[in-house]
Amino acid sequence: MALFGVFQAALLLALLSLRTYQSEVLSELLPLTPESLEVSINSTQQRLYLQWRVHNLTYHQELKMVFQIEISRIETSNVIWVENYSTPVKWDQVLHWSWESKLPLECATHFVRIRSVVDDASIPELGLWSNWSSWEEVDVQKSLGQGSLFIFPKDKLVEEGSNVTICYISRSPENNISCHLEGVPIHGEQLNPNVSTFSFNNVPFIRVTGTNFYCIMNKHETSGTILYVSKVLEEPKDFSCETQDLKTLNCTWNPGHDTALIGFPSQRYTLFESFSRKKKLCARKNWCDWQVAPDSQETYNFTLIAENNLRRRSVNVFFNLTHRVHPMKPFKVVLKSISATNATMTWKVHPVGNYSTLLCQVELHGGGKVIQHNVSITTNGQYFLSELEPITQYVTRVRCAAAQHFWKWSQWTRQSFTTLEAAPSEAPDIWRNVKSMLGSRTVTLFWKPLSKSQAHGKILFYNVVIENLDKSSSVKLLSIPAPANGTELTLDQKCSYQIHVTANNSAGTSPASVIGISRDSGNKKVEERRIQGTEDGFSLSWKPQSGDVIGYVVDWCDYPQDPSCPLQWKNLGPNTTSTVIRSDAFRPGVRYNFRIYEISTERIAYLLEKKTGYSQELAPSNNPQVTISNLTSHSFILNWKDYSTDSQSGFIQGYYVYLKHTAEQCHPGFEKAVLSDDSVCCKYNIDNAEQKTFVVENVQPESFYEFLVTSYTSVGEGLHDTFTKVTIPDEYSHVLIRIIVPMIFCLVLFMVVCYLMSQWMKDKCYPDIPDPYKSSVLSLIKYKESHHPTIMKVNDCIPDAIEVVNKLEGSKIQFLGARKSLTETELTKPAYLYVLPAENYSGPSPFICFENFTYNQAASDSGSCGHVPKRPTTPPSQLALLTSSENLLKSLEQNYMNSLGESPAGETSLNYVSQLASPMSGDKDSLPTNPPGPALGSEYRMQMAVTLGLASPSPSENSSLSVTLLDQGEHCR
């Protein structure tokens with residue numbers, strides 16, 4: 001108890017001493033009013049800077065005080081800002097505080113005052129505000145200098161999205177001022193007669209050169225400023241540090257937007273490590289190097305600081321150095337021992353400090369596959385690549401990472417290589433098409449090119465071996481160069497064959513495909529069945545006919561309208577009885593034919609079924625060509641033919657017959673229909689596609705009908721194109737035709753007979769005058785000078801003998817080539833002119849006899865012109881004039897001159913008889929003495945030929961001879 005009493009007395013003494021001390025302090029701190037207040041400005045930052053002191057503090061005193069600051073604008077009563085600033089205060093300490101004004105300081109006068117209070121819980125008695133300091137006035141306008149228009153702030157830098165206030169100050173008594181932002185007029189708020197302000201909220205970034213604001217006073221004085229709006233400084237993203245060799249750390253980050261503007265630099269980055277207290281200013285915006293300390297510091301705490309003129313941001317990262325190992329990429333990647341299916345890959349890696357084991361990943365790309373393998377290595381790596389495809393280009397790559405503390409894979413190092421060729425691994429897929437003709441068979445053999453994975457290289461050629469099964473020694477080899485996909489063979493129809501096909505490249509030969517050809521072509525007649533295709537293709541099914549088969553084949557043609565379209569086929573297994581045939585070549589409206597074959601154990605194909613159909617049926621694109629027959633006054637028949645199968649766009653199910661008539665009343669079986677042009681007609685449905693005729697009955701005579709025949713499929717009918725018009729004849733027109741046609745025939749026959757009779761009468765009574773230039777006698781004359789035929793003239797020849805027999809009436813004779821007429825006395829007998837043989841000629845005498853009724857119409861009764869069998873023996877008294885050519889010519893000339901003008905025209909008939917020499921020669925001396933035989937006379941139609949003995953009577957006393965010959969130098973032949 002005594003001890004407790006002592007402790008209590010000591011505590012009371014301490015409290016009394018403290019109370020006494022506080023009283024002393026309180027007595028000393030009562031007048032703690034801020035003093036020496038000074039205000040300065042920074043126009044660029046638009047800030048007010050305040051500094052002051054607190055007197056009456058003892059040397060050892062430090063109190064926590066609160067200072068209340070008031071800021072007024074324009075007037076002291078217009079308080080715009082009140083703020084409490086709390087800070088510890090020491091003896092003789094200068095205190096600082098700043099304030100940023102939204103309104104440029106130059107635009108208005110500002111007033112500042114301050115007061116304080118002690119905020120110390122140990123001295124609650126001092127918790128009373130001091131008195132206010134006096135107002136400090138800030139009036140920047142007094143220092144603007146000369147000028148009548150000012151705009152503030154000048155070249156202000158703000159962040160995108162900030163709020164900005166701009167003002168202008170005018171010292172002109174006239175306030176005619178207009179302001180523009182980027183050329184757009186704006187209106188502001190007037191603070192006083194000389195000051196107006198413009199507030200902009202959420203200002204955007206426009207360009208790195210800033211946003212232009214200007215004002216024009218009195219249309220001639222201009223002042224302006226540039227508002228620099230930068231992107232907001234972002235906090236660095238993805239900040240990370242790692243090492244490749246445990247000697248250097250590489251730190252990277254994503255800086256975000258660049259805040260650089262013209263005149264304002266971009267943001268700066270500083271790297272600070274807290275354990276070592278080291279700092280480094282980074283030279284680049286997105287990465288920075290840091291040298292690892294030689295004292296083997298393993299743990300690092302980095303802070304990345306980003307700052308610009310407006311903002312400061314920072315991020316940090318903490319890590320262990322050995323957990324951030326990012327190895328360099330492997331090098332010296334080599335492929336060796338490359339074969340068709342294998343290769344060996346080797347590579348090297350850079351060492352990483354004391355790390356002895358790295359995990360490497362090998363990746364292989366090629367043949368449409370990607371294969372990955374992981375390998376643990378130290379300094380050198382190796383991996384065996386197997387199961388590769390022959391003649392395939394591969395790309396292999398490798399990367400590595402720390403095996404113990406995995407951080408990141410290194411970059412890839414890649415290398416490409418190509419495997420070697422190998423023999424084809426698959427036999428060609430083959431098929432055939434057999435056609436029999438004239439005791440032989442044409443087999444078209446097809447095969448599909450091997451895929452790249454099957455060919456194992458470039459196919460150079462195909463070997464086709466044809467083995468005659470009936471003749472074991474008969475084997476034929478054909479080598480077909482690639483890229484051919486088929487060949488044509490001619491085989492004996494009486495033999496069976498087996499055909500082997502192999503594909504060959506530089507490395508070897510593929511397995512053989514075998515197909516058999518029997519004596520029977522295998523194309524038996526089967527019924528063709530219709531099928532309907534869909535968008536997914538054609539669904540086919542069939543029933544097996546024999547169980548001893550090794551498979552089925554379905555073949556078809558993708559372009560059936562192309563004669564050279566190659567066959568397509570699909571192989572199916574022996575247990576398959578259905579399939580779906582798909583092809584990108586299938587088109588709507590095209591008919592496709594499918595044949596299904598079963599393959600026997602001897603590899604012989606036998607036709608099983610036929611299918612035909614459309615992937616999508618369409619309406620017919622054209623209509624049948626219709627003809628009309630049996631047109632009567634009460635009916636007519638329409639006929640049309642089958643379409644070509646290739647031209648059908650669907651299965652024809654029937655026909656529609658459209659009939660138009662002015663009566664608009666449909667016949668029985670027809671129904672009314674309205675066409676697309678709103679015309680009304682009658683329609684008849686023929687639901688039998690095989691029917692190609694239609695009889696239109698009960699038509700009205702002497703009227704016309706229009707008809708149209710269209711075909712239709714399951715989709716629709718053909719186009720309603722032009723109607724054909726048919727005119728119905730009169731009811732009695734066929735009777736009239738039966739009467740008129742025979743009458744016309746008889747009339748024509750009668751006219752033909754009359755014409756023929758008139759021609760016969762003309763030839764008998766009024767024959768045409770013969771043209772001398774067309775006489776056949778001219779062909780017997782040998783031309784001496786001219787090579788062109790001409791009529792024989794008297795002066796062209798010297799006759800051997802001429803005899804003229806005159807009738808009682810005189811006649812006038814005009815010789816060709818003479819210029820005078822010869823007049824004869826009237827003769828009692830017809831006058832004939834004979835050209836007789838020479839004196840020394842014996843034997844049959846050929847001749848030519850002329851007679852023309854134009855000269856004498858009565859000549860037909862005077863005699864005839866006949867063959868002269870031989871030269872007559874004439875008494876000297878009768879042939880005295882004929883003994884000499886010279887005397888004869890003289891006599892003829894004399895008689896001719898004496899008889900001019902005595903013989904009337906048309907009374908004398910001249911018969912000309914000329915000797916025909918068998919060999920034609922140049923003169924009469926060359927005539928043969930012994931001609932080979934009798935020569936026949938030449939005559940004209942309606943001329944009379946007589947023999948010399950019968951037609952040459954002895955000259956009488958009353959007869960006279962008058963003949964004129966010219967050009968005696970010529971000989972008559």
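No cation-pi contact links Lys448 to Trp431, judged by a cut-off of 6.0 Å to the six-membered ring centre and 45° from its axis. In this structure, Arg432 satisfies the cation-pi test against Tyr597, with its NZ or CZ atom closer than 6.0 Å to the six-membered ring centre and inside 45 degrees of the ring normal.
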Would Val626 and Thr724 satisfy side-chain contact (heavy atoms from CB on, under 4.5 Å), going step by step from the backbone distance to the final call? CA-CA 9 Å; Val626 183; Thr724 303; over 6 Å; no

Intermediate values then yes/no, side-chain hydrogen bond (donor to acceptor under 3.5 Å, both in side chains), Thr710 and Glu717: CA-CA 7 Å; Thr710 64; Glu717 62 177 310; 2.9 Å; yes

Checking side-chain hydrogen bond (donor to acceptor under 3.5 Å, both in side chains) for the pair Ser440/Gln493: CA distance, chi angles, key distance, verdict? CA-CA 5 Å; Ser440 64; Gln493 196 169 9; over 6 Å; no

With side-chain hydrogen bond (donor to acceptor under 3.5 Å, both in side chains) as the criterion, how do Asp536 and Thr534 come out once you've worked through the C-alpha distance, each side chain's angles and the decisive distance to 0.1 Å? CA-CA 5 Å; Asp536 296 331; Thr534 63; 4.7 Å; no

Trp640 vs Asn623, side-chain hydrogen bond (donor to acceptor under 3.5 Å, both in side chains): CA-CA, chis, key distance, verdict: CA-CA 10 Å; Trp640 60 91; Asn623 293 325; over 6 Å; no

Going through the checks in order, is the salt bridge (Lys or Arg N to Asp or Glu O under 4.0 Å) test met by Arg529 and Glu527? CA-CA 6 Å; Arg529 298 181 181 179; Glu527 182 181 357; 5.1 Å; no

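Atoms CG and CD1, on Asn468 and Ile517 in that order, are 12.0 Å from each other to the nearest 0.5 Å. To the nearest 0.5 Å, atom CD1 of residue Ile628 and atom NZ of residue Lys725 are 12.0 Å apart. Residue Ser496 holds its OG atom at 12.5 Å from NZ of Lys471, rounded to the nearest 0.5 Å.
For the pair Glu598 (side chain) and Ala605 (backbone), a donor-acceptor distance under 3.5 Å is absent. In this structure a side-chain-to-backbone donor-acceptor pair under 3.5 Å is present from Asn505 to Ala455. Of the possible donor and acceptor atoms, one in the side chain of Ser615 sits under 3.5 Å from a partner among the backbone N and O of Arg587. Between the side chain of Gln759 and the main chain of Leu756, no donor-acceptor pair closer than 3.5 Å is present. For the pair Tyr552 (side chain) and Trp542 (backbone), a donor-acceptor distance under 3.5 Å is absent.
The aromatic rings of Phe538 and Phe586 lie perpendicular to each other, with more than 60° between the two planes, well past the 30° mark. Aromatic ring pairs are classed by plane angle as parallel below 30°, tilted from 30° to 60° and perpendicular above 60°; the pair His667 and Phe670 is perpendicular.
Atom CG of Asp677 has more than 12 neighbouring heavy atoms from other residues, nucleotides or ligands inside a 6.0 Å radius. Other residues, nucleotides and ligands contribute over 12 non-hydrogen atoms within 6.0 Å of the CD atom of Gln545.
Between His720 and Tyr658, the ring centre distance stays below 6.0 Å.
Within the structure, every pair that satisfies the ring-ring contact (aromatic ring centres under 6.0 Å, His included) test and touches residues 433-490, not counting sequence neighbours, is listed here: Trp447-Tyr462.
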Hey, can you pull the donor-acceptor pairs under 3.5 Å for the side chains in residues 681-697, sequence neighbours left out?
| from | atom 1 | to | atom 2 | distance (Å) |
| --- | --- | --- | --- | --- |
| Asn685 | OD1 | Tyr712 | OH | 2.9 |
| Asn688 | OD1 | Glu690 | N | 3.1 |
| Gln691 | NE2 | Thr693 | O | 2.8 |
| Lys692 | NZ | Asp642 | OD1 | 2.9 |
| Lys692 | NZ | Ala689 | O | 2.7 |
| Lys692 | NZ | Glu690 | O | 3.2 |

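Checked for salt-bridge contact, Arg519 and Asp470 meet the test: a charged N lies under 4.0 Å from a carboxylate O.
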